[in-house]
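In what follows, a single structure is set out as structure tokens and then discussed.
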Amino acid sequence: MKHAPMHDDFSYQAFDALYESHFANRIALPRVRHVNIETHIAEIKNWSWVQVEEVGQSFSDRSIYLVTVGSGNTSLFAWSQMHGDESTATASIFDFLFMLNALPENERKACLDEVTFHFLPMLNPDGAEVNTRYNAQGIDINRDARNLQSPEGRLLHSLLNRFSPDYAFNLHDQSPYYGAGKRGKPAILSFLAPPMDAGRQCPPHRERAMALISHYVNRLTNLIPECMGRYDDTYSPIAFGDYATQSGASCILIESGAHDTSDKRELARRLNVWLLFQTLKWVNNTSTQYSTRAYLNLPQNAEDHMTDLLIKGVKVKAGSKMFSLDMAIDFQRHNTGCIRELGDLGDLAGFITIQASELAYQTGQVFNVVEPFTLSDSVYFSFLLRGVLFFHDPENVMEIQTCLPVLTLSQLNKDNNLPKRHKKQVNFLLCDECTVRYVVLHGRPYSLQESITPLFV
Ligand SMILES: [Zn+2]
């Protein structure tokens, strides 16, 4: 690597270019499974500068691994994917290890001089296998810190006791719909220095966690302005972050969020890697000034502040009656789209917003297929412009040659031309006086200017 990550001039831009060219594609998001990490663990085992330990097994006997680097005085412990469907930080941990491995040995040593850094990527391999939050017993491991009924929870508990880490990093993914406050921006990253008691005391080790988060926030503020939030710090004795703070660690919860509708959290993933390098710098730099201000000034995370598609002020006609409303439609959470809310939605922000005060909601017409034809993108486009949204093809003679969703009669909206809250299968047209301007297929919007152009990524 040309620029060592510990150099003071190792800017985010330099990091990002390096990351993009060599490291970004080794693990595919959004889903990391046990088999994926086993491949990387097998490779990492061959590196002389790391120790790999099979440190336990999941309820269904999948191996859980610990990777330790450095042998310095400051002990750090990071675990990821205790919720099986939260893969982002697992990818970040491997990215970070691969980047360290690519460093010249003397620079890597300088990076790791002060630290003994333990990584536990994927605490919940059984959940990861079936893409669920819970372990194979149906237990939320992050609600098992007191009862310790899951083998994964017992393992994490015992490792926290074994390492007594100075810093503990509890790495998660959050819903894509969290806002960083209610300012119309998503929470790409959210933080918490968990409390150790109901009084939310702030002893020096918790203050140090807040100070390190403040350091992160200051480094990130130009990169993702107004896109960081702070979690509520109500004490939860059943959660592991709170237990880690209780046991004396400066514990930091990092939640990776979405920055657009693609929901692969790729930006949060690389920012996590950048933060791991920032953490090494922080630990190496003993003269760092403590300030908790940037953390405490973060806005509270706002649940469900974001929606995938916000349609503002669309006209709805029902018989002779007409009114206007806003529509919030989620398609990351529901594959065929779901109308989350209707009405005056001034409190919500959309990843995509359509100003629709000049547009009318239309359910679309049915085309009865009577002779064979090919539905290509351009033919589909001409149908949509004529207001056709559904195809009734009982003889199955229409040849579909488009990757776009094609709707059949069974998906026809039978709601008297009214959009309906909580309705799944969200398909309709938005029209002005003379033309169809947009189509929404499975909740996803497409512009119909010159062709069918998706408005989402
Ligand atoms: Zn989680």
Side-chain angles (χ1 to χ4, degrees), residues 30 176 258-264 306-317 325-340 350-393 396-415 417-420 423-457:
H259 70 288
D260 57 33
T261 55
S262 71
D263 194 32
K264 289 188 180 170
M306 302 299 298
T307 182
D308 289 316
L309 172 59
L310 185 62
I311 299 177
K312 300 285 286 179
V314 64
K315 287 183 264 188
V316 179
K317 289 178 196 160
L325 46 67
D326 304 338
M327 301 175 69
I329 298 165
D330 294 340
F331 56 78
Q332 295 189 56
R333 192 182 278 165
H334 305 277
N335 206 24
T336 58
C338 179
I339 298 179
R340 188 205 297 172
F351 285 109
I352 304 158
T353 301
I354 296 177
Q355 299 294 344
S357 56
E358 304 296 318
L359 301 174
Y361 174 95
Q362 281 194 10
T363 47
Q365 293 155 21
V366 180
F367 180 77
N368 287 304
V369 181
V370 290
E371 55 187 44
F373 75 98
T374 300
L375 189 71
S376 62
D377 283 346
S378 60
V379 172
Y380 199 1
F381 177 58
S382 66
F383 271 111
L384 290 169
L385 285 184
R386 282 152 48 200
V388 170
L389 193 52
F390 303 93
F391 295 87
H392 181 45
D393 182 17
N396 226 352
V397 294
M398 179 172 74
E399 190 185 334
I400 295 176
Q401 277 189 8
T402 173
C403 299
L404 297 159
V406 176
L407 307 174
T408 62
L409 198 57
S410 64
Q411 289 154 314
L412 179 64
N413 184 339
K414 298 181 187 75
D415 300 324
N417 203 28
L418 289 175
K420 216 173 175 185
K423 180 184 167 55
K424 298 187 179 113
Q425 276 287 357
V426 182
N427 309 296
F428 58 89
L429 300 163
L430 293 174
C431 315
D432 64 18
E433 296 267 303
C434 11
T435 338
V436 182
R437 296 281 304 280
Y438 300 95
V439 59
V440 173
L441 294 167
H442 291 172
R444 292 158 177 84
Y446 301 80
S447 163
L448 298 177
Q449 294 282 20
E450 283 165 10
S451 59
I452 310 173
T453 312
L455 298 179
F456 55 91
V457 286

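Here the structure is a predicted model, which is why all the values come from computation and not from measurement.
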Starting at [atom1] of [X], measure out to [atom2] of [Y] and round the result to the nearest 0.5 Å.
X	Y	atom1	atom2	answer
Thr374	Gln401	OG1	CD	5.0 Å
Asp308	Cys338	CG	SG	10.5 Å
Arg437	Glu358	CZ	CD	9.5 Å
Gln332	Thr261	CD	OG1	6.0 Å
Ser382	Leu448	OG	CG	11.0 Å
Ile452	Tyr446	CD1	OH	8.5 Å

Where do [X] and [Y] come nearest, in terms of heavy atoms and distance?
X	Y	result
Phe367	Arg386	CE1-NH2, 4.4 Å
Ile311	Ala356	CG2-CB, 3.6 Å
Met306	Pro176	CB-O, 4.2 Å
Gly443	Leu309	O-CD2, 3.7 Å
Thr408	Phe390	O-CD2, 3.4 Å
Ile339	Pro419	CD1-CB, 4.1 Å

| message | Does Leu409 form a side chain to side chain contact (heavy atoms under 4.5 Å, CB included) with Val366? I'd like the steps, not just the answer. | response | CA-CA 7 Å; Leu409 198 57; Val366 180; 3.5 Å; yes
Using the side-chain contact (heavy atoms from CB on, under 4.5 Å) criterion, which residues pair with [X]? Sequence neighbours excluded.
X	result
Ser378	Ser376
Leu455	Ile352, Ile354, Tyr438, Pro445, Ser447
Thr353	Leu310, Lys312, Gln355

| message | Just by distance, no angles: are the side chains of Gln425 and Asn427 close enough, under 3.5 Å, to form a donor-acceptor pair? | response | yes
| Is there a donor-acceptor contact under 3.5 Å linking the side chains of Thr402 and Asp377? | yes
| Aromatic ring pairing Phe391/Phe383, orientation class (parallel under 30°, perpendicular over 60°, tilted between) | perpendicular
| field | Parallel, tilted or perpendicular: rings of Tyr361 and Phe428 (30°, 60°) | value | tilted
| message | Show, in sequence, the C-alpha distance, side-chain angles and deciding distance for Asn335 and Lys424, and conclude whether the side chain to side chain contact (heavy atoms under 4.5 Å, CB included) test is met. | response | CA-CA 9 Å; Asn335 206 24; Lys424 298 187 179 113; over 6 Å; no
| task | Verify the neighbour count for atom NZ of Lys315: are there more than 12 heavy atoms of other residues, nucleotides or ligands below 6.0 Å? | result | yes
| Hey, does the side chain of Asp330 reach the backbone of Arg333 with a donor-acceptor pair shorter than 3.5 angstrom? | no
| message | Run Leu389 and Thr363 through side chain to side chain contact (heavy atoms under 4.5 Å, CB included) and show every step you take. | response | CA-CA 8 Å; Leu389 193 52; Thr363 47; over 6 Å; no
Residue pair [X] / [Y], side-chain heavy-atom distance below 4.5 Å:
X	Y	value
Phe373	Met398	yes
Val436	Leu430	no
Ile329	Arg444	no
Met327	Val314	yes

| said: Can you confirm if the aromatic rings of Phe456 and Phe351 lie within a centre distance of less than 6.0 Å? | reply: no
